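As the structure is a computational prediction, the values presented were derived from the model and not from experiment.
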Amino acid sequence: MAVSKFVMASLTNCRPLTCAFTATASSYQERLVPHPPDLIKWVRREGGFVHQAIKISQDGTNGLGLIASHDIPKGSQLIVLPDNIPLKFGAEDGVDEAHSVLVKLAQKIPVFAREHVKSYAKLMVIYFCWCSLMEGAIFILPIIKLDVWEHLTDELWAMKLGLKLLQERARVNSFWWPYISNLPQTYSVPIFFQGEDIKNLQYAPLLYQVLPWISLKVNVFLQNQVNRRCRFLLDFEQEVKRAVENLKQNDHPFDRQDVDASSLGWSMSAVSSRAFRLYGKKLPDGTCIDAPMMLPLIDMCNHAFNPNAQIIQEQDAGSAKMLIKAETPIKQNDAILLNYGCLNNDLFLLDYGFVIPSNPYDCIELKYDGAFLDAASVAAGVSSPKFSSPAPWQQQFLSQLNLDGEAANLKVTLGGQELVDGRLLAALRVLLASDMEMVRKHDMDTLKSLSADAPLGIANEVAAYRTIIALCVIALEHFPTKIMEDESSLKQGVSASTELAIQFRIQKKSVIIDVMRDLTRRAKSLLSKDTTACQG
């Protein structure tokens, strides 16, 4: 009982929801309170299991994490959480008026976000028109389809669970306070960046000089996401204030604490960076609804693409539990690592607040445009480009690739696991070919495959590679700085948010350079084979 009395004493302190967000590197590792309750002891006391070798410690530059105090064999259970410990949010989780208000606010988020996205898309069109007039040049408007923008509102699932997190943070007797008090005081995601660092992510010369041909560029995507999330938080703050302004003390979901954009941003960032989307309520047909939930202690595992642990959800009769097991033998002082997903650096930065150097899944996104590809191929020395005026049979292939027509998906990528988007590669091969019958001998999968050995001939393949390389050169030329200049800036000492912004753009440039190097090597190899064959 002495333990429970000690915990209750810590819960009676007033805990304001509003946080001041700073950009210093050390603040990212500070917890919500200076001396929070022992999280491992709390998990064990509430029926969970924690391996005796697991401890919370500083994990290098990654902040707090879990490490092994001694060797752990492969297959060992590391942490087991019974169903009462995860923090979840559902309409059926409460019956009081405060919970009802919270549910109604959560239900407004999809509609609220969708209307906000529509307004934002219209503003983007107006802004791009204005840029065109200011530049005094012919400007091809980026295609902004509302259905494309609307699907992005799904990301705001984090705000729904974030409302529950804020409610529990405000409650002086919250069951989850030992967990919540251990959460970071601040997050390093871009919604908390200063204006100058937002500009560092935007790369204005690249966006507005190249944008006539390149739309949905990864930097455009990131900048739009940051702006849209910030705008949503500011607007949703007013929605929350309207919903709670006349409520009685007992009916107030946040114990009369003030909820502003800062606290909403904190909770949304906490959820987006820490929550897991696992199986939730079981439906009559036996399927389960995906449910976001926060898993205390488990969510302190840091990321690796080659993790040494795996999260497992076990569903027994009438109960469920979440656990992590050692996937490999874990040595003393090794960090316990989970794979957050095969994500690009855009998503790692937006949701987790870090950038992965040499991320094998990082890529840049381009808009397929015939006129731009014509310009790139001319720069590459490819004769008679036909990208903007394909023959009818070539246009049929473009339609099959969904790169032509009213419902076309014009977003293509460079980098990542494919290196070159298969649809882009197939389009280049087809449009650089003159023999329709030769093209039709190959199926679409072969035409889209980079591993296919020059299906339409060496000259065709080299021309396609050179066109992509020229496209990369044009993109690199429009960055305001070179990688060496970025690295020099980092050595001079900058704020944590500036450092993240610079690291992000370094990695994007590196993706482009890696694509150029790889395709140059492939082109040289093909030309060498061609020369050898001619000499033979």
Side-chain angles (χ1 to χ4, degrees), residues 7 11 31-32 36-51 54 56 64-66 77-95 98-99 102-103 106 156-171 173-184 187 253 266-283 287-303 307 309-325 336-341 351-352:
V7 173
L11 299 178
R31 291 186 254 191
L32 207 55
D38 189 310
L39 187 56
I40 291 178
K41 287 183 178 179
W42 175 73
V43 169
R44 287 171 175 159
R45 185 172 63 247
E46 297 303 330
F49 166 80
V50 183
H51 193 284
I54 297 297
I56 299 172
L64 289 174
L66 302 182
Q77 288 191 350
L78 305 179
I79 302 172
V80 181
L81 300 183
D83 197 43
N84 62 302
I85 291 182
L87 178 61
K88 297 172 281 189
F89 179 44
E92 69 283 355
D93 293 338
V95 294
H99 181 76
L102 210 64
V103 170
L156 295 174
W157 63 271
M159 191 70 263
K160 295 183 181 182
L161 184 54
L163 290 172
K164 176 66 174 177
L165 176 61
L166 275 183
Q167 181 186 47
E168 296 300 331
R169 178 179 166 180
R171 283 180 174 171
N173 60 346
S174 172
F175 168 79
W176 286 282
W177 175 244
Y179 164 61
I180 294 171
S181 63
N182 276 276
L183 292 177
Y187 288 91
W266 174 86
S267 64
M268 187 170 75
S269 299
V271 173
S272 69
S273 64
R274 305 179 77 91
F276 295 79
R277 300 188 79 163
L278 302 173
Y279 291 127
K281 183 179 178 182
K282 198 169 186 177
L283 299 176
T287 60
C288 293
I289 300 173
D290 283 352
M293 57 186 78
M294 301 186 79
L295 305 181
L297 199 60
I298 288 178
D299 64 10
M300 296 190 77
C301 295
N302 284 314
H303 164 77
Q310 181 183 29
I311 185 167
I312 299 170
Q313 184 176 16
E314 291 187 353
Q315 195 81 30
D316 299 327
S319 66
K321 60 183 178 181
M322 271 60 66
L323 57 95
I324 56 172
K325 284 186 176 181
I336 311 302
L337 302 170
L338 294 173
N339 188 346
Y340 293 2
D351 286 335
Y352 298 98

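- For the atom pair S174 OG and Q167 CD, the distance stands at 8.5 Å (nearest 0.5 Å).
- Using modelled atom types, one side-chain atom of W266 and one backbone atom of P184 make a donor-acceptor pair closer than 3.5 Å.
- In this structure, M322 and L278 approach most closely via the heavy-atom pair CG-CD1, 3.6 Å.
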K88 and D83: side-chain contact (heavy atoms from CB on, under 4.5 Å), yes or no, with the steps? CA-CA 10 Å; K88 297 172 281 189; D83 197 43; 2.9 Å; yes

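- Nearest approach of L102 to P253, heavy atoms of both residues: CD1-CB, 3.9 Å.
- K41 pairs by the side-chain contact (heavy atoms from CB on, under 4.5 Å) definition with D38, not counting sequence neighbours.
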Trace of the side-chain contact (heavy atoms from CB on, under 4.5 Å) decision for N182 with W42: CA-CA 11 Å; N182 276 276; W42 175 73; over 6 Å; no

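- Two residues are said to be in side-chain contact when any heavy atoms from C-beta on lie closer than 4.5 Å; F276 and Q313 fail this criterion.
- Between K160 and A106, the shortest heavy-atom distance links the atoms CE-O, 3.5 Å.
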Dump the intermediate steps for side-chain contact (heavy atoms from CB on, under 4.5 Å) on I324 and L295, then the final yes or no. CA-CA 11 Å; I324 56 172; L295 305 181; over 6 Å; no

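- The CE atom of M294 sits 5.0 Å away from the CG atom of L165 when rounded to the nearest 0.5 Å.
- G65 approaches N302 most closely through the heavy-atom pair CA-ND2, 3.9 Å.
- For the pair F89 and V271, the minimum side-chain heavy-atom distance is 4.5 Å or more.
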Run L183 and R169 through side-chain contact (heavy atoms from CB on, under 4.5 Å) and show every step you take. CA-CA 10 Å; L183 292 177; R169 178 179 166 180; over 6 Å; no

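- Residues E168 and I180 share a closest heavy-atom pair of CB-CD1, 3.5 Å.
- The side-chain hydrogen bond (donor to acceptor under 3.5 Å, both in side chains) test applied to D299 returns Y179, R274, not counting sequence neighbours.
- In this structure, W176 contributes its side chain and I85 its backbone to a donor-acceptor pair below 3.5 Å.
- Residues F49 and Q77 are in side-chain contact: their nearest non-hydrogen atoms beyond the backbone lie under 4.5 Å apart.
- Residues S272 and S269 come closest through the heavy atom pair OG-O, 3.3 Å.
- Proximity of L81 to K321: side-chain heavy atoms (C-beta onward) are nowhere separated by under 4.5 Å.
- Between I298 and L66 the shortest side-chain heavy-atom distance does not fall below 4.5 Å.
- Remark: the backbone N or O of S181 is not paired with any side-chain donor or acceptor of R31 at under 3.5 angstrom.
- In this structure the side chain of L323 never reaches within 4.5 angstrom of the side chain of I311, judged on heavy atoms.
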